[in-house]
Amino acid sequence: MFRIESSTEISKPVEEVYSYVSDPMNEPRWHDDVVEVVPPPEGIREGGRMTWTLAFMGRRNMELEIENLVTNQEERLQAQAPMMGMKPTITYLFAPSGTGTKFTRRVDMELEGAWKMMRPMMTPMVKRKNAGFVNNLKTAMETES
């Protein structure tokens, strides 16, 4: 397993960043591997399931289960999404920082089978893509009205 973490400061209050990120329909606006989202019919809650259609090694569906939802002081969304021998756990962290929010996107990636041999190539790719997603979020949040 490996962990990748990327953070940025967003000039918006925690509540606004959390609201934007926790709305699954906003995901394709900043997570550019996501082409389409089918949100949980019951809304964002622990145990809720949603589907992302990804442009990753072709077009693939990935089902995510929200497993840890904390909406007090340090807000957190965490989802697990097994796909093709990869089991990422994606965690979004939101913390007050000055007049804005420190947003962190963490990916804990467990690789199975032949994917374990791909770790030396996967780690820098996931790191680069994760940093890009975080920068996209900052741009989207600070330029969209």
Side-chain angles (χ1 to χ4, degrees), residues 1-112 115 118-119 121-145:
M1 181 162 80
F2 63 92
R3 172 176 280 180
I4 300 296
E5 223 175 71
S6 298
S7 298
T8 192
E9 302 286 327
I10 300 174
S11 299
K12 301 282 183 176
V14 169
E15 299 78 21
E16 192 173 332
V17 178
Y18 180 83
S19 179
Y20 187 91
V21 171
S22 66
D23 179 346
M25 302 315 288
N26 288 329
E27 195 78 25
R29 293 181 176 159
W30 62 278
H31 185 172
D32 52 19
D33 279 353
V34 177
V35 180
E36 182 182 7
V37 173
V38 177
E42 66 282 350
I44 296 296
R45 65 166 182 74
E46 286 189 33
R49 294 179 175 273
M50 69 181 104
T51 303
W52 288 354
T53 301
L54 301 172
F56 173 74
M57 298 176 65
R59 198 172 169 108
R60 304 192 180 284
N61 287 339
M62 179 169 75
E63 187 172 299
L64 290 89
E65 179 178 351
I66 300 165
E67 63 175 26
N68 185 2
L69 182 62
V70 179
T71 57
N72 291 331
Q73 298 144 0
E74 182 177 65
E75 306 205 10
R76 174 189 309 227
L77 280 170
Q78 185 172 349
Q80 284 209 347
M83 178 180 81
M84 300 174 18
M86 296 178 282
K87 291 185 176 178
T89 298
I90 303 164
T91 304
Y92 298 152
L93 300 167
F94 310 80
S97 177
T99 60
T101 301
K102 178 181 179 187
F103 172 76
T104 301
R105 185 177 193 271
R106 177 187 307 146
V107 179
D108 291 299
M109 181 71 76
E110 184 178 331
L111 301 173
E112 295 181 333
W115 284 99
M118 301 294 288
R119 182 177 173 177
M121 291 183 291
M122 293 279 298
T123 303
M125 180 194 73
V126 172
K127 185 175 184 175
R128 185 184 75 253
K129 289 184 105 18
N130 197 52
F133 302 149
V134 168
N135 288 332
N136 292 346
L137 177 63
K138 176 179 176 66
T139 300
M141 290 286 314
E142 291 180 354
T143 60
E144 290 181 14
S145 34

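Just so it is clear, the model here is predicted, and its values are computed rather than measured. In this chain, residues are counted from 1 in sequence order.
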Chi angles and distances behind the side-chain contact (heavy atoms from CB on, under 4.5 Å) call for E112, K87: CA-CA 8 Å; E112 295 181 333; K87 291 185 176 178; 3.0 Å; yes
Show, in sequence, the C-alpha distance, side-chain angles and deciding distance for W115 and F2, and conclude whether the ring pair (Phe, Tyr, Trp, His ring centres under 6.0 Å) test is met. CA-CA 13 Å; W115 284 99; F2 63 92; over 10 Å; no
Under the criterion side-chain contact (heavy atoms from CB on, under 4.5 Å), I'd like the reasoning laid out for M86 against M122: C-alpha separation, chi angles, the key distance, then a yes or no. CA-CA 11 Å; M86 296 178 282; M122 293 279 298; 3.4 Å; yes
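For the pair E9 and F103, the minimum side-chain heavy-atom distance is 4.5 Å or more. Inter-residue side-chain proximity for R3 and V107 is flagged as unmet; no heavy-atom pair is nearer than 4.5 Å. For the pair N26/V21, no side-chain contact is recorded, criterion being any heavy-atom separation below 4.5 Å from C-beta on. A 4.5 Å side-chain heavy-atom check between T139 and M141 finds every atom pair outside the cut-off.
Here Y18 contributes atom OH and E16 contributes atom CD; the two are 15.0 Å apart, rounded to the nearest 0.5 Å.
For S6 (side chain) and V134 (main-chain N/O), no donor-acceptor pair under 3.5 Å exists by modelled atom type.
Using cut-offs of 30° and 60° for the angle between ring planes, the H31 and F133 rings count as tilted.
No more than 12 heavy-atom neighbours from other residues, nucleotides or ligands sit within 6.0 angstrom of CZ on R59.
Here E5 does not pair with R105 in a salt bridge; the nearest charged N to carboxylate O distance is not below 4.0 Å.
Checking V34, D33, V35 one by one against P28, the side chain to side chain contact (heavy atoms under 4.5 Å, CB included) holds for a single residue, V34.
In this structure, a donor-acceptor pair under 3.5 Å is absent between the side chains of T51 and N61.
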